Amino acid sequence: MRKASQKSKKHPQQRGRRTITLYKDAAPAREPGPKAPELAPAYEAAVVEDKIYQAWEKSGYFNPDNLPGAAKRQPFTIMMPPPNATGTLHIGHAMFVTLEDLMTRFNRLRGRAALWLPGTDHAAIATGTKVEKIIAKEGLTKYDLGREGFLKRVNEFVAGSQATIRKQIRKIGASCDWSREAYTLDAPRSAAVIELFRRMYEDGLIYRGYRIVNWCPRCESTLADDEVEYKEEPAKLYYMKYGPFVVATTRPETKLGDTGVAVHPDDKRYKKWIGQTITVDFGIGPQEIRVITDKSVDMNFGSGMVGLTPAHSAVDFKMAEENGLPIKKVIGEDGKMTALAGKYAGLPVVEARAKFVADLQAKGLIEKIEDLQHSISVCYRCGTVVEPLTSRQWFVDVNRPIKQRGGRSLKRLSLEVVRKHKIEILPDRFEKVYFHWMENLRDWCISRQIWFGHRIPVWYCQGCYVEEEEASRPDMEMETKRHIGLFVGAKPPKHCPDCGGTTWVQDADTLDTWFSSGAWTFTTLGWPNKTKDLKRFHPTQVLETAYDILFFWVARMIMMTEYALGEVPFEKVYLHGLVRDEQGRKMSKSLGNIIDPLDVAAKYGTDAVRLSLVIGTSVGADAKISDEKIGYFRNFTNKLWNISRFIIMSCGNSERQGPSIRPSGSLVEEHVVLARAERSGVEGRAGFQGGPIKRPTAKTLADRWILGRLDAVVRSVTVDLEAMNFSRAGETLRDFTWNELADWYLEIAKIEKGKEKILPFILLEILKLWHPFMPFVTEEIYQRVFAKGKGDMLMIQSWPTFAKASVGTAMINNEFTTVQEIITALRNIRAEYKVEPGKRVDATVIAGAKAALVKREAEIVRGLARVEKLEIVAKGKKPEKAATAVVRGVQVFVPLGTLVDTDAERARLTAEIAEAEKYRGSLAGKLANQDFISRAPAAVVAGERAKLAAQEDKVSKLKDQLTALG
RNA sequence: GGGCGCAUAGCUCAGCUGGUUAGAGCGCUGUCCUCACACGACAGAGGUCGAAGGUUCGAAUCCUUCUGCGCCCACCA
């Protein structure tokens, strides 16, 4: 026993204490008697969680292969979205860990071979940028370190991040299989990525081309289309004299690269120029400009004429392609003007613009300058303005028919599986978003000019490889032909098959990080090897992630998996929302509103954090979270703990094993024995050690009610969890646990004895139901109360089953509700008349046909409403000087003698009658409506009739009471 | 410019394919340290379900329009 046990609970300092303390002193309410094995009065999450997690991990049950009866279990697989190895996890990660763990535990309890495979993502650009920032503090750049040196630093950083992330994921209680942990850049994944690249290259799905790409000058790399974000900014619109025309532009300096000008085909102003070539000179010599038409040109914007810069605008590039215009690249990868920009060569873009505009103005070539709001494209990682430019890069062709996939392209395959509902996206509105994105998908630029990542597995023979000249126009066909002196794969042969040369140089670029994470569901299972895991656990069942990653990752996985395996990567996509603060703002460092999952877990317990992330949040919707909300669920955790504590105290016997139950600590060897709780024995198939408790026999109305309610709750929670309606399942459970079990049944158990079988049964059932939501506290209670030695764990028990509701159930519920309402009515009267809580009052109940029921349950009514003498009659004289109530046709009287304020009581009754009559009137009106009678379903009409009858009864009884009052 | 989502009690949200006098938690008011829990118990107050039309015997729920927030996509040079 701890010293704290000496402290009296009624210590003055504790009186009325409302401040939240982290862990209340474990102070038993009374001297521990020999027959009162106890838990600490407050659940101590911090003491328990790590030990429990270690025990789970040690048990090996996170690995589905080790589960009892593993071979016969049907697999259930979730691949963890690998967090970026860029540091630490935030509360948004806690959200996915919670939801995925919930699904995993639920399915494990339901007898599935649950595999939740964890891992991390190397997150190429993001991680590289992060390390660049770190070394910048040492005054270093990546060029100072060189490729090898820089990568060494990155790898060290990643190792640190991974260690942190692993710890954090464990802390949140994740029951993932660490033995299968993967990393997008580890050896098996790297080999798989090379193989995937090789196959796609052979199938013509990967090609090298000179195309326009999004270039981030800061990252010095290309970006995929979806890695570009848009930002509204004020800008200037310059009207430039442009040969015989005037052209409006926000980027004057790019005009040096113009090779054409486009007008709307219907624009009469320029009719005679169409097809002509004009010559302009912006000060760097003559430029040949051809006039073309395109119906995307807005006649009303600017001058109705668009200067075309094929090398630096995706739109212009497309028009140039269609019209055979030359490409003139005036901005280089370094963000500076190229030699083709004449005297502006070498100047950074912004400077070049200023100088160019000044020069034009000096020559009177700027007609006017307007202000406008302009959306500019920026890098999603660093916010730098993205420079579109032409460059030789590697692309994935999304439109090329794939022979072994029935001639369907990546795009078509990816659209089809969702259209045919082989993949279901939740919430389904995201399907539309997905279709729209996929339909408009362009070839995916996968090469990045950064060092950290999967090096492109392409080798160039120095002896015979000849780089094509930068084509003045793109020629897609040329790009897909096999190239002399080029090898694709992990390692080139010693001798070049084309020239016999021995010097190979590997492509300097790396792959887009999403290329490897797009293959996550199958590379984690051993692909390209035909492993047992791949056969058993793929396709996975659920992919759970945030909606903001739908395109980046979810879509890519669908594409890559359909190509590599010809099957879907997952059956369902569950998209959760973003976690926001209590004011609905995004969490950010600058706002200082970041909630660290580990901080709040330390403060309130992990289970409370988990509950606050699940309950009250729904699929696809952003979730608000606050200390207050987590605090509420901490209270609930403690409630569950105390429910168990009560059940142990009232059902445990003195034959418990071991000397005592430690008030803190976890996974104690000794545990409370609920000796009279029979067990039905060891379950054969799975070979569980614990085994379920036999369903007990109900003896009283309350027993029948609570068992019926439990059945209904098991059913509804099971249905909701299957439908991934986690919040509702949690709410149902909470309402049952708190409002029905604790507030009613446990109170009744203090009056009706003989619950030694039924209470442990209910406790074990709700522990199982709660376990996926709050694994720590439920496991801890299980260990203390039910576990039969080591290795017997709640996490591998079997999910509760339920008896079907019957007509009897409805009747029982009805009867019990009547008793509840009588009790509430009595309590209400007591509260209204401010009767001291401890004081017992007398009461009379005129119950009509329900007299027998009330008589049977009289002890409960007396106990819960603190009634001394309870008179129950079917019919009888109304007591005088009594406060009254009518519930469910039962009249309740509390004779309070002089306490009763007759006038007040009369006023109250009059008001109640008025209200009841109003409702009766509306019901009567409804039933007088012939249309309602004839058109509404018979059941509805019958229901309304019953309500009317009840309401009429109520009105008449209230009137009787008013009369009786005199 | 397209598309989507959300508007229900002071706050956060439930309310499935239309059928009780619209629910919960927090907060609020009152009483209570009742022997599981003050991280608690009991009782209570509080909403014309964003607005206007429409469909229907019946609408928070379906349709139309509008208003206010929020998000996504897009090549206005």
Side-chain angles (χ1 to χ4, degrees), chain A residues 9-10 14-18 20-21 24 29-30 38-39 41-43 230 237 247-251 262 296-298 300-303 305-309 313-319 372 374-375 427 429-430 432-433 436-437 440 547-548 550-551 582 584 604 608 615-618 620-622 624 626 628-629 631-632 634-639 641-650 723 725 727-728 731 734-735 739 742-743 746-747 750 824 827-832 834-838 866 915-916 918-919 922-923 926 929-937 939-940 943-944 947 951:
Chain A
K9 191 194 169 190
K10 295 191 177 182
Q14 288 192 319
R15 287 187 57 165
R17 182 171 60 181
R18 284 205 150 255
I20 292 171
T21 49
K24 199 179 147 187
R30 58 199 157 155
E38 284 183 25
L39 307 179
Y43 172 61
Y230 296 88
L237 185 63
V247 159
T249 180
T250 52
R251 299 283 314 267
S296 71
V297 177
D298 182 352
N300 301 316
F301 187 89
S303 60
M305 179 171 258
V306 185
L308 298 178
T309 322
S313 156
V315 193
D316 297 3
F317 183 85
K318 195 167 156 255
M319 289 190 209
L372 87 164
H374 184 56
S375 111
R429 67 187 138 90
F430 279 103
K432 244 183 273 177
V433 181
H436 182 256
W437 184 83
N440 293 295
Y547 63 70
D548 61 353
L550 178 64
F551 306 138
E582 58 214 300
Y604 300 107
I615 296 178
T617 67
S618 58
D622 291 353
K624 288 178 191 162
S626 59
E628 203 185 26
K629 188 176 177 189
Y632 166 71
R634 184 270 320 269
N635 295 356
F636 177 73
T637 312
N638 191 52
K639 187 75 187 181
W641 178 259
N642 272 288
I643 287 169
S644 315
R645 191 162 169 250
F646 172 78
I647 292 176
I648 291 164
M649 284 177 173
S650 52
N725 202 337
S727 178
R728 193 159 65 184
E731 285 173 67
R734 182 206 51 204
D735 292 347
N739 304 336
D743 289 347
L746 294 192
E747 292 306 318
K750 292 174 184 171
T824 301
R827 286 167 168 174
N828 185 0
I829 289 168
R830 294 177 61 106
E832 295 240 323
K834 310 239 186 289
V835 178
E836 283 170 47
R866 301 221 150 227
E915 198 190 332
K918 194 175 150 203
Y919 183 40
S922 88
L923 287 168
K926 204 175 196 179
N929 183 347
Q930 273 314 305
D931 286 335
F932 174 68
I933 303 289
S934 59
R935 299 195 193 197
V940 174
E944 295 300 301
K947 274 188 255 171
Q951 204 56 22

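Source: prediction; values computed, not measured. Order of the sequence lines fixes the chain letters, A, B, ..., with proteins taken first and strands second; residue numbering starts at 1 for each chain.
- Ranking B/C39, B/A77, B/A36 by closeness to the A/Leu372 side chain, first place goes to B/A77.
- The residue A/Asn440 sits apart from the nucleic acid: no heavy atom pair falls under 4.0 Å.
- Within 4.0 Å of A/Phe430, counting heavy atoms only, lies no atom of the nucleic acid at all.
- The two atoms that bring A/Gly616 and A/Ser727 nearest to each other are N-OG, 2.8 Å, heavy atoms only.
- Among the heavy atoms of the strands, none lies under 4.0 Å from A/Thr617.
- For the pair A/Ser644 and B/A36, the criterion of a side-chain N or O lying under 4.0 Å from OP1 or OP2 is not met.
- Using a 4.0 Å heavy-atom cutoff across all strands shown, A/Pro427 reaches no nucleic acid atom at all.
- Considering only side-chain N and O atoms, A/Lys750 lies under 4.0 angstrom from the phosphate OP1 or OP2 of B/A36.
- Between A/Ser650 and B/A36, a side-chain N or O to OP1/OP2 separation shorter than 4.0 Å is absent.
- Within the shown strands, nothing qualifies as a pairing partner of B/C49 under the Watson-Crick or G-U definition with both distances less than 3.5 Å.
- Taking only side-chain nitrogens and oxygens, A/Lys629 never comes nearer than 4.0 Å to OP1 or OP2 of B/G25.
- Close to B/A14, at under 4.0 Å from its OP1 or OP2, lies no side-chain N or O of A/Arg728.
- In this structure, B/U67 forms a base pair with B/A7, meeting either the Watson-Crick or the G-U wobble geometry with both donor-acceptor distances under 3.5 Å.
- Between B/G44 and A/Asn828, a contact under 4.0 Å exists linking OP1 or OP2 to a side-chain N or O.
- Side-chain N/O atoms of A/Asn300 include none lying less than 4.0 angstrom from OP1 or OP2 on B/C76.
- A/Arg734 comes within contact range of the sugar-phosphate backbone alone, with a heavy-atom separation under 4.0 Å but no base atom that close.
- Using a 4.0 Å heavy-atom criterion, one finds that A/Ala621 contacts no nucleic acid atom at all.
- Within the 4.0 angstrom heavy-atom criterion, no nucleotide atom of any strand lies near A/Gln930.
- Across all strands, A/Tyr632 comes closer than 4.0 Å only to sugar-phosphate atoms, never to a base (heavy-atom distances).
- Base pairing analysis places B/G40 opposite B/C32; the two distances defining the Watson-Crick or G-U wobble pair are each below 3.5 Å.
- For B/A41, the OP1/OP2 oxygens have a side-chain nitrogen or oxygen of A/Lys639 closer than 4.0 Å.
- Using a 4.0 Å heavy-atom cutoff across all strands shown, A/Ser618 reaches sugar-phosphate atoms only and no base atom.
- If you check every strand for non-hydrogen atoms under 4.0 Å, A/Glu836 touches nothing.
- For the pair A/Lys750 and A/Phe646, the cation-pi test (distance below 6.0 Å, angle within 45°) is passed.
- Minimum atom distance to the side chain of A/Asp735 is reached by B/A24, of the listed B/U21, B/G40, B/A24.
- Using a 4.0 Å cut-off, some side-chain N or O of A/His374 falls inside it from OP1 or OP2 of B/A77.
- Nucleotide B/C16 has no partner under the Watson-Crick or G-U criteria, as no pair reaches both atom distances under 3.5 Å.
- Side-chain N/O atoms of A/Arg634 and base N/O atoms of B/C39 include a donor-acceptor pair closer than 3.5 Å.
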